2 protein chains.
Amino acid sequence: MSPPDPTDLDPETEARAGPRAQGRPPFGQAVGFLLSQLGFETSRRFGDLMSEVGLEPRHFAVLRAIEAMEGSAQNTVSDRLRVPASSMVAIIDHLEQLRVVERRLHPTDRRSRTLHLTPHGKEVLDRAVDLAMGLESTLNAGLSVDQRRELIEMLSRVADNLGLTAGLHPANARDGEAPP
Amino acid sequence: MSPPDPTDLDPETEARAGPRAQGRPPFGQAVGFLLSQLGFETSRRFGDLMSEVGLEPRHFAVLRAIEAMEGSAQNTVSDRLRVPASSMVAIIDHLEQLRVVERRLHPTDRRSRTLHLTPHGKEVLDRAVDLAMGLESTLNAGLSVDQRRELIEMLSRVADNLGLTAGLHPANARDGEAPP
DNA sequence: TATTGTTATACTCTATAACTATA
DNA sequence: TATAGTTATAGAGTATAACAATA
């Protein structure tokens, strides 16, 4: 093995800030970097939690929407969440296999399917919500109630700056104009 | 076309909060949801910006590291950023094709390659940094200097709660123990 | 003709592990 | 034997568009 590369940085000095050249802004402490980093890790942990109840984040989102829009047509839900129709098929297939959602015949339009949460689906959703609240507690640890409120206010402001629609996650959403 | 689904929610009432059932917490305003949503959109916009200079976010991260660790071996950089070695090959290939980075022979270890930023690479990095700072300004619009500082402090606290290493983005990093 | 839901296909992405050459 | 870099391969994920039934 060759000797340590003499150009290596001192780990104790630089480790916490990440590689950074003289004269460059500290990207590791920029709002954009922090949001990207935190969003990625938060999503990863959320995915891990949801897998405990057999779901992925997208299934959770659709399940919540179905509870809120009980009996709506499949395309109504996919339009609301801006999920592509073909992706929606796979999502509902999965939820049906778990027996948490049922497709039923639409009373007047035979092309259409209405979506319904089963009693078991309600239980699974309760459990998923508990898991999500646990993650929320982890994130908020050490923040006072006032700090958390301020944090949410500022993040909401940033979301406005980006033109995001509240409550609509862009990960699975089609591009295009926001709903009117 | 069939008449509007009678279970549809009133768009004007519910659009900003997203689908939500009675008795459920307002996920759309939770820290976790906001971070996930903002992180996704911030990353998407950052990727769009980097494409203006022919880069993807990972290339930007590696380019910054090479500037900070000029002349280090390829595996030193990939270890620092926790990028898998085989991914690093494709990243450096791309940076070399853009003539922003050069591989050179290691002076003592003929298996190894040292990485060097070209003068043109410095220019490209300058431009990429400008683009990133523009996004940072967009994100911070409407926040006072004090508010931005508080926001960064609180986000850093949340990052600590998640055990994240400052400046190290988990998107391209292998799993495993953090550097000592 | 247009729309709902479905299926099939083609594409991207990337991680794993095999391989070469050196140490 | 172990390591640096490279290459090959296989799997997951996803969007696109074609399709069948119905409006």
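Worth saying up front: this structure is predicted, and the values here are computed from it rather than measured.
When the C1' atom of dC13(C) is taken as reference, atom CD of Glu56(B) falls 10 Å away, rounded to whole Å. Distance, Ile91(B) CD1 to dA15(C) C1': 13 Å, rounded to whole Å. If you take NE2 of His106(A) and C1' of dA21(D), they are 16 Å apart, rounded to a whole angstrom. Rounded to an integer number of Å, the gap from CE of Met88(B) to P of dT16(C) is 18 Å. Taking atom CZ of Arg104(B) as the reference point, atom C1' of dG5(D) lies 18 Å away to the nearest angstrom. Separating the CZ atom of Arg110(B) from the P atom of dA21(C) is a distance of 12 Å, rounded to the nearest angstrom.
Counting only heavy atoms from C-beta on, Ser86(B) has its side chain closest to dT16(C) among dT6(D), dT16(C), dA23(D). For Arg111(A), the listed nucleotide lying nearest its side chain is dA23(D); candidates were dA23(D), dT16(C), dT7(C).
No salt bridge links Arg157(A) with Asp160(A); every basic N to acidic carboxylate O contact stays at or beyond 4.0 Å. Note on Arg64(B) versus Glu67(B): no salt bridge recorded, every NZ/NE/NH1/NH2 to OD/OE distance being 4.0 Å or above.
Phosphate proximity of dT6(D) to Arg103(B): present, with a side-chain N or O under 4.0 Å from OP1 or OP2. Ser112(A) has no side-chain polar atom (N or O) that falls below the 4.0 Å cut-off from OP1 or OP2 of dT3(C).
Annotation: side chain of Arg148(A) is in contact with side chain of Glu136(A) (closest heavy-atom distance under 4.5 Å).
Residue Ser87(A) is in sugar-phosphate contact alone, with no base atom involved, counting any heavy-atom pair closer than 4.0 Å across all strands shown.
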